[in-house]
Amino acid sequence: MDLLLTNGKITTLAADGTTPPEVEALWLAGGRVAAAGRTDEVTAAAGDTAEVVDLGGRRVVPGLIDSHTHFVRAGLTWNDEIHWVNVTTLAEALALIARAALDRPKGTWIQVIGCWHPDQFAERRAPTRDELDAAAPEHPVYVQFAYSWAMLNSAGMRAMDLERAEKEGVDVVDGVFRGMAAMRWAYWQFPVPTLEQQAASTAAASRAFSAAGITGLIDGGGANTGPDSYAALYETWRRGELTVRVRPTVHASKPGAEQEELPGYLRYLQPGFGDGMLKVLGMGEVIHYNVHDVFSRAPDLSPASLAALGERFREAADKGWPLQIHAIRTDTLEAVISLWEQLDAPIGELRWSIVHGEGLTPDLVARVAALGVGVLVPAMLRFEGMELAEAWGDVSHAPPLRALLDAGVPLGGGTDAMRVASYLPFTALHWYVSGKEIGGRRIRAAGNLLTREEALRIYTHGAAWFSFEEHERGRLQPGMRADLTVLDRDYFTIPEDEIPQIGVELTVVDGRRTWTGRSFA
């Protein structure tokens with residue numbers, strides 16, 4: 001059935017020359033915006049066959065698009081994990097573990113795998129092992145904080161073969177794992193859900209994203225994501241249980257597999273395969289593991305390593321594949337951009353992109369603009385900004401959002417959820433406009449902040465550019481896809497520090513409700 005939304009404050013971000021920047025009403029028909037304007041005008045155009053939703057003066061924005069997240073990987077185990085994303089006290093976080101212990105058979109693993117930060121708790125600290133033992137004495141518990149550390153409770157230490165871990169060189173001391181490699185080893189010790197469980201989990205993750213107001217996403221792949229990771233996503237799609245538009249990227253599953261697995265993707269997979277809900281985008285974000293950097297450690301930029309990376313770039317360009325690459329440090333960015341400049345290929349037209357770009361200098365920004373490529377700027381530093389400041393010192397222009405916008409570089413907003421950051425989009429929007437990390441400290445220069453409208457644009461229409469959909473999504477004007485988000489408070493007028501608390505009353509994709517809050521139930 002058509003939807004008629006009336007009596008709202010609807011931000012259109014329109015660029016058709018006729019639709020105002022804010023309207024009262026929308027008529028959604030056939031999965032598209034059919035009309036936008038005053039309530040009386042749009043109601044007359046829609047006739048009496050549409051379902052009427054009185055917005056009651058609420059703010060509506062174009063459907064939010066997270067242009068860099070790790071949905072596919074998180075979806076595999078979503079139902080097995082405890083999520084602390086909205087938890088504001090450590091006591092409440094521990095209570096969730098205790099509740100899970102009551103609901104699950106003794107000996108069953110309880111896992112909190114990232115997507116939280118000690119500074120979000122009133123207590124401003126992480127749990128101790130004694131507290132985890134008290135919450136779940138007869139269940140093994142694994143709690144991970146970003147990629148910094150992960151802790152086992154006492155039952156977890158008994159359940160996991162830590163002697164073997166130490167013999168295999170895993171960085172684990174007294175049941176505490178440190179670093180991504182050690183955590184990857186820990187993941188391999190957990191029971192693997194069946195495909196049926198993974199598909200149910202992915203559908204649940206999709207519904208959670210819809211409840212957060214997200215209508216679409218670009219999946220960045222990520223460590224531990226290889227060819228075998230996508231079966232659950234495809235199964236969820238076949239069942240019609242995806243509620244967000246997913247644009248996956250693909251990459252090799254582990255170091256050393258790039259030369260075999262990436263050419264395999266190029267031979268047997270096609271960008272653009274799928275439909276409006278699931279469509280293969282391209283390759284990313286790990287193109288060559290040796291060059292996958294972190295801000296505190298230099299990657300391998302040896303001639304051999306860069307030659308291998310350059311070969312992957314040439315193969316993707318020759319096949320006409322879109323490509324995204326994770327690059328944070330200035331030395332990594334310099335190496336990547338130099339390799340791109342050597343290619344005789346229209347990589348801007350292929351929407352090639354840098355993911356993160358914190359170390360971009362004014363010179364590199366100019367070179368990025370000349371190449372016509374984009375930069376995905378997920379709000380990772382909302383969670384890791386203080387760690388970057390300790391490593392780099394001045395991070396007031398990391399990444400240089402204002403310089404990139406002024407240079408005309410396409411930008412895509414996002415979160416970099418799930419292991420490090422929250423998937424809630426308004427936490428990221430708050431980072432763009434305030435420059436404050438999760439502890440409340442402003443670490444970005446005033447001149448490097450975005451206005452609220454600019455932040456919204458890179459989270460909607462700007463994000464759509466990276467999947468070749470800027471003429472389909474991200475604006476609420478006639479002819480565009482009927483994707484939108486109805487908010488529980490006005491993003492444009494509330495105090496800045498209330499932005500992360502914005503909730504969602506209604507999410508619509510293709511003119512269909514994918515999430516309905518209490519106000520519209």
Side-chain angles (χ1 to χ4, degrees), residues 67-68 218-221 247-252 257-274 279-293 299-357 359-361 363-377 399 404 407-412 462-471:
S67 67
H68 186 74
I218 295 175
D219 186 84
R247 304 295 180 256
T249 59
V250 296
H251 71 200
E258 300 94 338
Q259 192 168 355
E260 175 187 357
E261 292 180 353
L262 295 183
Y265 283 129
L266 295 176
R267 290 177 64 191
Y268 298 115
L269 192 62
Q270 288 293 321
F273 169 79
K279 188 176 295 184
V280 175
L281 178 55
M283 187 177 295
E285 71 178 306
V286 184
I287 308 302
H288 188 57
Y289 277 89
N290 283 5
V291 190
H292 188 68
D293 65 358
D300 176 7
L301 299 179
S302 65
S305 182
L306 293 181
L309 178 63
E311 184 178 353
R312 303 284 84 79
F313 287 155
R314 284 192 297 274
E315 290 170 345
D318 289 346
K319 293 287 187 179
W321 268 60
L323 180 145
Q324 301 174 355
I325 183 169
H326 168 114
I328 294 175
R329 296 165 53 97
T330 299
D331 50 0
T332 311
L333 289 158
E334 166 68 37
V336 168
I337 292 168
S338 294
L339 288 171
W340 285 2
E341 288 170 335
Q342 297 169 25
L343 294 172
D344 183 19
I347 62 173
E349 295 176 15
L350 295 175
R351 309 293 165 94
W352 282 29
S353 309
I354 291 164
V355 183
H356 295 300
L360 285 167
T361 62
D363 171 66
L364 292 177
V365 169
R367 291 164 66 184
V368 165
L371 285 167
V373 299
V375 181
L376 298 168
V377 288
L404 288 164
V409 175
L411 295 186
W465 181 89
F466 292 83
S467 59
F468 301 85
E469 295 176 282
E470 70 272 23
H471 300 300

## Note on the structure
Rounded to the nearest 0.5 angstrom, the OG-CD1 distance for S353 and I218 is 7.5 Å
### Task
Measure the acute angle between the ring planes of W340 and F313, then classify it against the limits of 30° and 60° as parallel, tilted or perpendicular.
perpendicular
### Query
If only atom types and distance count, is the side chain of D293 paired as donor or acceptor with the main-chain N or O of R329 below 3.5 Å?
yes
#### Entry: Sequence-distant partners of D300, salt bridge (Lys or Arg N to Asp or Glu O under 4.0 Å), two or more places apart
none
### Query
Does any N or O in the side chain of H292 come within less than 3.5 Å of the main-chain N or O of V286, such that one atom is a donor and the other an acceptor?
no
### Query
What residues, two or more places apart in sequence or in another chain, satisfy salt bridge (Lys or Arg N to Asp or Glu O under 4.0 Å) together with E258?
none
#### Entry: L350: partners by side chain to side chain contact (heavy atoms under 4.5 Å, CB included), with sequence neighbours left out
W352
### Task
Would you check if E285 and H68 make a side-chain contact, meaning some heavy-atom pair closer than 4.5 Å?
yes
### Message
Heavy-atom count check: over 12 atoms from other residues, nucleotides or ligands less than 6.0 Å from K319 NZ?
### Response
no
### Query
Ignoring hydrogens and geometry, is there a side-chain-to-backbone donor-acceptor pair from T249 to R247 under 3.5 Å?
no
### Task
Flag the pair L360 / I337 as yes when at least one side-chain heavy-atom distance between them is below 4.5 Å, and no otherwise.
yes
### Query
Charged N to carboxylate O under 4.0 angstrom, E334 versus R367?
yes
### Task
Could you pull out the closest heavy-atom pair between Q324 and I287, with the gap in Å?
O-CD1, 3.6 Å
#### Entry: Rounded distance (nearest 0.5 Å) linking atom CD1 of I354 with atom CD1 of I328
12.0 Å
### Task
Check the pair R312 / L323 against side-chain contact (heavy atoms from CB on, under 4.5 Å), numbers first and verdict last.
CA-CA 10 Å; R312 303 284 84 79; L323 180 145; over 6 Å; no
### Query
Once you round to the nearest 0.5 Å, how far does OH of Y265 lie from CD of E260?
11.0 Å
### Query
Should R314 and E311 count as an ion pair when the cut-off is N to O under 4.0 Å?
no
### Message
Quick check: closest heavy atoms across E315 and P263, and the distance to 0.1 Å?
### Response
OE1-CG, 4.0 Å
### Query
Once you round to the nearest 0.5 Å, how far does CZ of F466 lie from CG of L376?
4.5 Å
#### Entry: Atom pair CG/CG of D318 and L343 - distance to nearest 0.5 Å
8.5 Å
### Task
Can you establish whether the number of heavy atoms outside E341 located under 6.0 Å from its atom CD is more than 12?
yes
### Query
How many angstroms lie between CG in L309 and NE2 in H288, if you round to the nearest 0.5 Å?
7.0 Å
